[in-house]
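Only one structure is covered here, and it is reproduced in the block below.
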Amino acid sequence: MSDSQKPTLMIIDGHSLAFRAFYALPVDSFQNREGQHTNAIHGFLSMLISLLQNEKPTHLAVAFDISRYSFRTREYPEYKGTRGETPVEFVGQIPLLEEALKAMGIQTLSKEDFEADDILATLAHEGSENGYRVLVVSGDRDAIQMVNDNVTLLYPNARGVSELKRYDRDAVFERYGVEPHQYPDVAALVGETSDNLIGVDKVGEKTAVKWVNLYGSLDEVLAHADEIKGVVGQNLRDQIDRPARNRKLNHLLTDVDLPVSVGDLDRRPIDETAVREVFDRLQFKTLLQRVMKIAAAERGDDATAAAPSDAVDDAAAIPAIRTMVDEELAKWISTNSKDNTAPLGLTVTSVDGVVTGLGLATATETAFVPWAADRPDYEALTTWLASDSPKFMHSAKTQLKIAADSGLNIAGVAFDTMLAAWVLKPSGKPEELEAQVYSYLGETIEQGDPNQLVPETEELSPATKSWYVVRLAEYLASRLDEGSLAVLTDIEMPLVPVFAQMERTGIAVNRQLLTDLSSSLSTTAADVARNAFEVIGREINLGSPKQLQDVLFTQLEMPKTRANKTGFSTDAASLADLQEQAPHPFLDLLLQHRDATKLVQIITGIEKAIDDSGRVHTTYEQAGSSTGRIASNDPNLQNVPVKTATGRQIRASFEAGAGFDTLLTADYSQIEMRIMAHLSGDEGLIQAFNEGEDLHRFVGSRIFGVEPADVTAEMRTKVKAMSYGLAYGLSAFGLSKQLRIETSEAKALMTDYFARFGAVRDYLRNVVEQARVDGYTTTIFGRRRPFGDLNSKNRVLRDNAERQALNSPVQGSAADILKRAMLQIDADIRSEGLQSRMLLQVHDELVFEIAGGELERMTTLVHERMSGAASLTVPLDVQIGTGHNWDAAAH
DNA sequence: ATGCGAACGTA
DNA sequence: CGTACGTTCGCATG
């Protein structure tokens, strides 16, 4: 009998898969109207439905653990002892999942005192012996031991449950280097952290596999422990009870007494009424459609399932791609964009930065257009691309740049699903399209042939991607509140082409200046290092904190500094402390060396990024930060040194390019304090800004009770640190550290500050309180940042969340304001036909390249647009400077 | 090769 | 025991 004729038994480890799903999907995005979390259920069912479609099991069961206690924990109480509390959001999802499974006609099994894995192993064994093709679905590595010629393990990869890797005998051997039945021997030697099973010290997978292959089994390895040389051999002999114990615990039973046999696990019909009821309660719309489709197919009602006119059943079926050119394409665009009013999904694909094709889509149709730059017949397409006709894209900036490089102008980006998802949930890295489809639509994108041993990850057609984009856009738009939607459509979306243009333009760099500076700094570093080695009498790697610790705390016996994970800190602040307590020439030399090598490092990074035309192009991460700021990378041009004279020499190498007169920099002064004044409504602060006096002098005079003219430099420094620290949630302890003053003095300073500027404290308290209730903070323009840990019982987590919460509206509003200014400046430049260009954004600063004769106009418009980007109760002060290079243009 | 922590550059 | 980032290095894992 061939495999395809055999009945297929699929057995699933319910807990382990549900738990994987729980961590793979955002808790916040999956809640039903009663507030019940459903992410684990959703992920599990989505995976299950895919499995039903792809594997078509004839027999099926899901096994659950009854509790975390079993015969194993009785014999060895520490087993799985490192497992923490089950998250509250997970609790309660299992009974609901069982309900859903029951409605789908799927049997669930569990047995007191045994783990689900034992039930799986027993069924796998029975199925294998009785002519079944067996598929075990589990996220527990112990399940590998079940694999044989009839049994295949489907194991979720790191990304959760959306992709399952097939482990048959060969795949296990390829991955682990042993036969499946030997895997527990290897695991026993290595240990399993998640089960709290400690292995033999210094024995990793490599060593364990070597031994097991050499001696054939764990028993034989242990019997020959005397023969194994070296430290690991000694460890094995010393700790021989560990692998022995581990092996007993990771052995799965294949003879558990179960109330059913494999034959009883044949698929039962789906109870469609019950499924509707349960899925409706869970608010799983798409999943319901997918289950119903399977139900229809299984009762032989294929016509309904396949009918393309049935919008409901067709929702999750990928439309066939039509490849189009010329008139057909022109007609398709005109019809589906309803004469440039209706949005179409758009995806540009490229090879080595050259456009090779475009995918277009509506919610029901997809089209692929092969692209060749010299084809003459694409006028309808290029006209549509360059028009304001709305396009929905994913990560539009990247595609706009590539298209522009290939001479294709794209305008009218009306929705970007990457930006939308980030505005909805601004944390972590932005998700790829495929991940979004899974997270938000609950659909798994098939990747290659699932029967491949290692499925090749076939790139999705741009046409299909566009179709997903259209559907995602609809979903994401429906999830956005009014404020977030405004941020997306009025700020983030219009900025896409602006950032794309800035990145493409880049900024000119004087390579010679950098090279000279770098070699001089390298010489300095080498000289300083030589001196340092002389002082301590030996040569070490000054860049190694570990070796530095040895010098400072062992050799030189200096007092211990702040502790970190690898011992004691050697950072600049700690070294300064040491210099005070135990002065030593090595300390200063070390700092000088750090300084010089750091700058060389930064220069090297910039040099490597200079292109053939002498310009450097950063990439802005528009959807990366949690506050609304943008980040710059590859290279990062937002952390070019400015504080030291040598550092500024690096800035001086950024210049106006050929054909341009000068650089212009414009920055907001004290924008975050101004936002604090506005948001808190503090009369004192507002007065300070409205009188236009030096802020820190004004505040200092109030706190210390002297005339502004009598505020000393020392007083001003303290006040300045205090003011800036406020917006970060600085504590008295932190302030004292920074100013190197007594904690009591720092405390007094804070008390005096709040006595004069009480509304600031009230505001900061209120922000945190409101966020605790709402679950998010909001900027002046409606940008939200969610917070989950404000009610955490863990103090560290809670305190961190509180500081983040009080900082977010301030930092985020500042980001919003500069973004608004950028939009208006860009619009002015274009509408007036100016040749000057916006080059860089550094959080509160913009850098421009000024074309001949445009300095005056640019100065005026930049000033106007930046000052007018928000109307606060205090003015927005903008400082402008010009000069041939970035340093000279500073003020 | 890959991932993590330390350190440090900016606003 | 101060927010938000990105990059580089050493070092421990593979």
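Residue numbers start from 1 in every chain, and the chains themselves are labelled A, B, ... in the order their sequence lines are given, proteins ahead of strands. All values below come from the heavy atoms of this structure, side chains included, with hydrogens, waters and symmetry mates left out. Everything numeric here is computed off the predicted structure, so don't read it as measured data.
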To the nearest Å, give me how far apart [atom1] ([X]) and [atom2] ([N]) are.
X        : N      : atom1 : atom2 : value
A:Leu735 : C:dG2  : CG    : P     : 10 Å
A:Asp634 : C:dG6  : CG    : P     : 12 Å
A:Leu806 : C:dA4  : CG    : P     : 10 Å
A:Tyr620 : C:dG6  : OH    : P     : 13 Å
A:Glu607 : C:dT7  : CD    : P     : 17 Å
A:Leu764 : C:dG2  : CG    : C1'   : 13 Å
A:Asp550 : C:dG10 : CG    : P     : 17 Å
A:Glu621 : C:dG6  : CD    : C1'   : 11 Å

Walk me through it: do A:Ser574 and A:Ser569 pass the test side chain to side chain donor-acceptor pair (under 3.5 Å)?
CA-CA 6 Å; A:Ser574 301; A:Ser569 173; 3.2 Å; yes

Which part of the nucleic acid, if any, lies within contact of A:Asp799, taking any heavy atom under 4.0 Å across all strands shown: a base, the sugar-phosphate backbone alone, or nothing?
nothing

Base, sugar-phosphate or nothing for A:Ser632? Non-hydrogen atoms, less than 4.0 Å.
sugar-phosphate

Presence of A:Arg803 side-chain N/O under 4.0 Å of C:dT3 phosphate oxygens OP1/OP2
yes

Determine: side-chain N/O of A:Ser731 to OP1/OP2 of C:dG2, distance under 4.0 Å, yes or no.
yes

Heteroatom pairs (N/O) under 3.5 angstrom, protein to nucleotides 12-14 of chain C:
unit_1	atom_1	unit_2	atom_2	d
C:dA12	OP1	A:Lys546	NZ	3.0

Can you build the contact string for nucleotides 5-11 of chain B? Use B for base contact, S for sugar-phosphate-only contact, and - for no protein heavy atom under 4.0 Å.
SSSBBSB

Going by heavy atoms closer than 4.0 Å, what residues in residues 739-746 of chain A are next to DNA chain B?
none

Compare all side-chain heavy atoms of A:Leu846 with those of A:Thr665 and state whether any distance is below 4.5 angstrom.
no

Taking atom NE2 of A:His584 and atom CG of A:Leu589, what is their separation to the nearest 0.5 Å?
9.5 Å

Would you please name every residue forming a salt bridge (charged side-chain N to carboxylate O under 4.0 Å, His left out) with A:Lys720, sequence neighbours left out?
none

Say we look at B:dC4 and C:dG2: how far apart would their C1' atoms be, to the nearest angstrom?
23 Å

Check ion pair [X]-[Y] (N to O, under 4.0 angstrom):
X        : Y        : value
A:Asp611 : A:Arg615 : no
A:Arg629 : A:Glu672 : yes
A:Arg716 : A:Asp694 : yes

Can you list every pair that meets salt bridge (Lys or Arg N to Asp or Glu O under 4.0 Å) and has a residue in residues 721-736 of chain A, with sequence neighbours left out?
none

Distance-only criterion, 3.5 Å: show the donor-acceptor pairs between side-chain atoms of residues 722-735 of chain A and protein atoms not counting sequence neighbours.
unit_1	atom_1	unit_2	atom_2	d
A:Ser723	OG	A:Val719	O	3.2
A:Ser723	OG	A:Tyr753	OH	3.0
A:Ser731	OG	A:Gly734	N	3.1

Determine the interplanar angle of the A:Tyr176 and A:Tyr167 rings, folded into 0 to 90°, and report it as parallel if under 30°, tilted if 30 to 60°, perpendicular if over 60°.
tilted

For atom CD of A:Glu742, is the number of surrounding heavy atoms from other residues, nucleotides or ligands below 6.0 Å larger than 12?
no

Is the A:Phe568-A:Phe553 ring centre distance short of 6.0 angstrom?
yes

